[in-house]
Number of protein chains: 2
Amino acid sequence: MTKKLNSDPVCAVDYAFQRIGGKYKGRIIWYIHSFTVLRYGELKRSIVGITPKMLTQTLRELEDDGLVNRRVYNEVPPKVEYTLTESAKELIPFIDHLREWGDKRMGNYKIICQ
Amino acid sequence: MTKKLNSDPVCAVDYAFQRIGGKYKGRIIWYIHSFTVLRYGELKRSIVGITPKMLTQTLRELEDDGLVNRRVYNEVPPKVEYTLTESAKELIPFIDHLREWGDKRMGNYKIICQ
DNA sequence: CAGAATCCTTTACGATACTG
DNA sequence: CAGTATCGTAAAGGATTCTG
């Protein structure tokens, strides 16, 4: 199973934050957007330090919420590609805004991302 | 003490989400923005179900992160007002966009907020 | 390669009572 | 009114091992 239900959202802001909150969701969406399409292993290498469990779990939640598409190729070795849905793409301009906002204020933390 | 350090953000997106994540931050920012200025008790009544502990803790984190101003009047009974900083105001278009996005997709949950 | 399974730790959050 | 303090629960996240 993917995850416990979040507590019911009490408003749209709340609802939205529940979908894209969590430790990795913002980054995952941003990375997939940056590369248009990413395989599981590529994501794994991009999100430094994430465990396979968390990556899978987070991707499933995003899929369940209609934010990412999961495409499985029937090959050996296996190949799975992740892309953003149209719904998720609507979020990009403002995740970008958020990124700039964060960038301006990060100061010390200057580990590069993306 | 207000809170444990979040794990170090690894990029600007991450950094930003850490500042405005959590169960109540989005809503608190949104409410203060809607009313321009809110007292502690008014916030308490707006954020239905929040405990004083969580409200205080969340407000302190927002203050520490430079997102809200806390103004204390030296009166009896006490009076404390919260407003958004310029930095937080930059986030409003983003949160508004997010709110619209959430609103479009909420479906069932139609408890009104604001 | 792309994960699933299991177990465990940490952190967020909640209930309740009290105070200047 | 605007908080603190203490204690407890639940959810999020991590480590490690295994598999089709």
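Every chain is numbered from 1, with letters handed out A, B, ... down the list of sequences.
- Spacing between atom CD of A/Q18 and atom P of D/dA11 amounts to 12 Å, rounded to whole angstrom units.
- Within the 4.5 Å cutoff, no side-chain heavy atoms of B/T58 are placed close to those of B/I47.
- Counting heavy atoms from C-beta on, the side chains of A/F94 and B/I95 never come closer than 4.5 Å.
- Distance, B/D8 CG to C/dT11 P: 13 Å, rounded to whole Å.
- No side-chain heavy atom of B/Y15 sits under 4.5 Å from any side-chain heavy atom of B/V10.
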Show which side-chain atoms of residues 67-80 of chain B pair as donor or acceptor with protein atoms under 3.5 Å away, not counting sequence neighbours.
from  : atom 1 : to    : atom 2 : distance (Å)
B/N69 : OD1    : B/T83 : OG1    : 3.4
B/R70 : NE     : B/Y82 : OH     : 3.2
B/Y73 : OH     : B/E81 : OE1    : 2.8

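- An OP1 or OP2 oxygen of C/dA2 is reached within less than 4.0 angstrom by a side-chain nitrogen or oxygen of A/R39.
- Atom CG of B/N74 and atom C1' of D/dG3 are 15 Å apart (whole Å).
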Using atom names, set out every protein N or O paired with an N or O of nucleotides 13-15 of chain D below 3.5 Å, distance rounded to 0.1 Å.
from   : atom 1 : to    : atom 2 : distance (Å)
D/dG13 : OP1    : A/K23 : N      : 2.9
D/dG14 : OP1    : A/K23 : NZ     : 2.6
D/dG14 : OP1    : A/Y24 : OH     : 3.3
D/dG14 : OP2    : A/Y24 : OH     : 2.6
D/dG14 : N7     : A/K53 : NZ     : 3.3
D/dG14 : O6     : A/K53 : NZ     : 2.5

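- Nearest heavy-atom pair across A/G66 and A/T85 is O-OG1, 2.6 Å.
- Considering only residues two or more places apart in sequence or on other chains, A/E42 meets the salt bridge (Lys or Arg N to Asp or Glu O under 4.0 Å) condition with none of them.
- Between B/R45 and D/dA2 there is no side-chain N or O to OP1 or OP2 distance below 4.0 Å.
- Applying the salt bridge (Lys or Arg N to Asp or Glu O under 4.0 Å) rule to A/K44 yields no partners; only residues at least two apart in sequence or on another chain are considered.
- At a non-hydrogen distance threshold of 4.0 Å, B/P77, B/P78, B/K79, B/V80, B/Y82 from residues 76-84 of chain B come into contact with DNA chain D.
- Taking atom CZ on B/R71 and atom P on D/dA2, their separation rounds to 14 Å, with Å as the unit.
- Note on the helix from C/dC1-D/dG20 to C/dG20-D/dC1: terminal axis deviation equals 60°, with five pairs used at each end and the result rounded to 10°.
- Atom-to-atom, NZ of B/K44 to P of C/dA15 comes out at 11 Å; the value is rounded to the nearest Å.
- Looking at B/I20 and B/L62, their side chains never come closer than 4.5 Å, going by heavy atoms from C-beta outward.
- Spacing between atom CG of B/L59 and atom P of D/dC1 amounts to 16 Å, rounded to whole angstrom units.
- Rounding to the nearest 0.5 Å gives a distance of 9.0 Å between CG of A/D14 and CZ of A/R19.
- To the nearest 0.5 Å, atom CD of residue B/Q18 and atom CD of residue B/E61 are 11.0 Å apart.
- B/L43 has its CG atom 12 Å from the C1' atom of D/dA2, to the nearest Å.
- The interatomic distance linking A/L55 (CG) with C/dG3 (C1') rounds to 9 Å, in whole Å.
- Listed pair B/R70 / D/dG3 meets the phosphate criterion, a side-chain N or O lying under 4.0 Å from OP1 or OP2.
- Looking at B/R105, B/H97, B/K104 one by one, the single match for side chain to side chain donor-acceptor pair (under 3.5 Å) with A/E90 turns out to be B/K104.
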